[in-house]
Asker: 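Just passing along the structure, written as structure tokens.
Quick caveat, the model's predicted, so the values are computed rather than measured. A note on names: the letters A, B, ... follow the listed sequences, proteins ahead of strands, and every chain is numbered from 1.
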Number of protein chains: 2
Amino acid sequence: MSYSYNHPRPALAVDCVIFGFDHREEAPELHTLCIKRNIEPFKGKWALPGGFMRMNETLDEAAARELKEETGVEKVYIEQLYTFSAPDRDPRERVVAVAYFALVNLEKHSLSAGTDADAAQWFSVSKLPPLAFDHKTIVKTALERLRGKVRYQPVGFELLPDEFTLSELQALYETILERTFDKRNFRKKIDNYGLLVETGGMRRGKPNRAAKLYRFDSKRYKALEKHGFIFEL
Amino acid sequence: MSYSYNHPRPALAVDCVIFGFDHREEAPELHTLCIKRNIEPFKGKWALPGGFMRMNETLDEAAARELKEETGVEKVYIEQLYTFSAPDRDPRERVVAVAYFALVNLEKHSLSAGTDADAAQWFSVSKLPPLAFDHKTIVKTALERLRGKVRYQPVGFELLPDEFTLSELQALYETILERTFDKRNFRKKIDNYGLLVETGGMRRGKPNRAAKLYRFDSKRYKALEKHGFIFEL
DNA sequence: TATAGTTCGTGTTAATTTTACACTAACTTA
DNA sequence: TAAGTTAGTGTAAAATTAACACGAACTATA
């Protein structure tokens, strides 16, 4: 058994992989929000936002807090990803990191003009800069989890604005899963689940036919989920 | 950013949910291996095997070590499950627990006659005794993960002996997923994947027709997996 | 104000996959 | 040798998925 409360202890940090998606891009991509470190170690390098857990908060709370403190992002979808514990992942001393991943609508959370571009920046996941610590591994793990998750849980909507078009939704799935879908078949499937509601609005502003706007009916999903319904794309 | 290495720190423990399955039972059930605590807190209560991470090992290593030390189980399938951090989950002081789940063949790991039944015992997951700390929550989380995982990754085989019959495999899936499968359809599907190899042996000893023995072809699975193949039940 | 350019929205058919379903074979025990 | 039990096998109907093309609606600009 050997429980003892007097072992030396690692520091315990949380790090957040924040995925953002901008449906307005022509060739949309997943993005991740990185922070430029202003202290050692890895001073000046890009890193995932994060920090140490406090003794009066849970890890979930610590992740949400760091997210807000470092990037202003709050009230978004966030879930625990994995705990990383390579003994040398921090060059100074032992730090175990509990990684989280968050999904945000990049449009809503695009960095305001006044923001110091040196402090925080979105990078497309295919063109990440070198990252501090083992953060590259963390991002990779988060991507794999997102790809797995998106197929059987409707989390993709978290990456879109509240109102979105079916084409935007399709582009999102095509981006994440790196494949294409047939437009009519995709719509048929989404339609059948009955999880989308027309808002009445239209997406205008582009030189082509306007598209209907929908929102995700999360109440209905929760109800269906209880009866064993499984979303699957 | 606010990285600092001088915060107060929680203790960091690992706990293991060990799932075992005995194909010889008439109404087979999933089991979990519990340890009786011989020190405070929760002295005398059942708990998941676990202990503190050491400064020179990873969490994976700590989990494997505790598993072996406390139950003798080694070289089995094990993966990180989730990190639990409720501030009051340990009545003494702050302890964050990284939970793992392991899958073992209960037959191979049944407690040898000499073992002190007071020290370690298998419980069917539907009849768990009260558990120390938040270990009940951990088991519940592990079960959910196992149910989700088993459907799209061939981990079920880890719960069976190296050689098993198709009926045993079917009973395993029916037990975990709490549903039944049609015998012919089940076999057809498994057959199509081409992941089972006849060993030539037969399961004898029961007063009925002997059944062919198979083993899981993990090499073939790994090869297929690389090309995007997804096992799905 | 007409035309070119672009995305939106829609239905049918064939192919594939999934489901439902029942009997004989093989072995053991009495 | 008969009774009891599990092993092993195929086919047809139903449901799901995949393939495929064109008119509608909107904007910009000629």
Asker: Classify the nucleic acid contact of B:Thr165 as base, sugar-phosphate or nothing, counting any heavy atom under 4.0 Å across all strands shown.
Answerer: nothing
Asker: Please report, rounded to the nearest Å, how far the C1' atom of C:dA26 is from the CG atom of B:Leu166.
Answerer: 16 Å
Asker: Can you work out whether A:Asn208 or A:Asp182 has the more 5'-proximal nearest nucleotide on DNA chain D?
Answerer: A:Asp182
Asker: For the residue pair A:Lys188 / A:Asn185, report whether a side-chain donor-acceptor contact shorter than 3.5 Å exists.
Answerer: yes
Asker: Give the rounded distance in Å between these two atoms: CG of A:Asn185 and C1' of D:dC20.
Answerer: 9 Å
Asker: Report the distance from atom CG of B:Leu233 to atom P of C:dT19, rounded to the nearest whole Å.
Answerer: 10 Å
Asker: Determine the contact category for B:Lys188: base if any of its heavy atoms lies under 4.0 Å from a base atom, sugar-phosphate if only primed atoms, P, OP1 or OP2 are that close, otherwise nothing.
Answerer: base
Asker: In this structure, how many angstroms lie between the C1' atom of D:dT27 and the CZ atom of A:Arg203, rounded?
Answerer: 17 Å
Asker: Looking at every heavy atom in both A:Ile190 and A:Leu169, which two are closest together, and how far apart are they?
Answerer: CD1-CD2, 3.9 Å
Asker: Between atom CG in B:Leu213 and atom C1' in C:dC27, what is the gap in whole Å?
Answerer: 15 Å
Asker: What about A:Arg184: does its side chain form a donor-acceptor pair under 3.5 Å with the base of D:dC20?
Answerer: yes
Asker: Calculate the interatomic distance between B:Arg204 atom CZ and C:dA26 atom P; express it in whole Å.
Answerer: 12 Å
Asker: Determine whether the side chains of A:Ser126 and A:Ser124 contain a donor N or O and an acceptor N or O closer than 3.5 Å.
Answerer: yes
Asker: Between A:Ser167 and A:Arg187, do the side chains contain an N or O donor and an N or O acceptor separated by less than 3.5 Å?
Answerer: yes
Asker: Find the distance A:Gln170:CD to C:dT7:P and express it as a whole number of Å.
Answerer: 13 Å
Asker: Does A:Arg179 qualify as a cation-pi partner of A:Phe181, given the criterion of NZ or CZ under 6.0 Å from the six-membered ring centre and within 45 degrees of its axis?
Answerer: yes
Asker: Is the phosphate of D:dT6, meaning OP1 or OP2, less than 4.0 Å from a side-chain N or O of B:Ser167?
Answerer: no
Asker: Nearest heavy atom decides the nucleotide; on that basis, is A:Gly205 or A:Lys189 closer to the 5' end of DNA chain D?
Answerer: A:Lys189
Asker: Looking at B:Arg187, does any N or O in its side chain come under 4.0 Å of the phosphate oxygens OP1/OP2 on D:dG8?
Answerer: yes
Asker: Within the modelled atom types, does a donor on one side and an acceptor on the other bring the side chain of A:Arg209 and the base of D:dC26 under 3.5 Å apart?
Answerer: no
Asker: Report which part of the nucleic acid B:Lys183 touches: base, sugar-phosphate, or nothing (heavy-atom distance under 4.0 Å, all strands).
Answerer: base
Asker: Can you measure A:Asn192 atom CG to C:dG11 atom P for me and round it to whole angstrom units?
Answerer: 13 Å
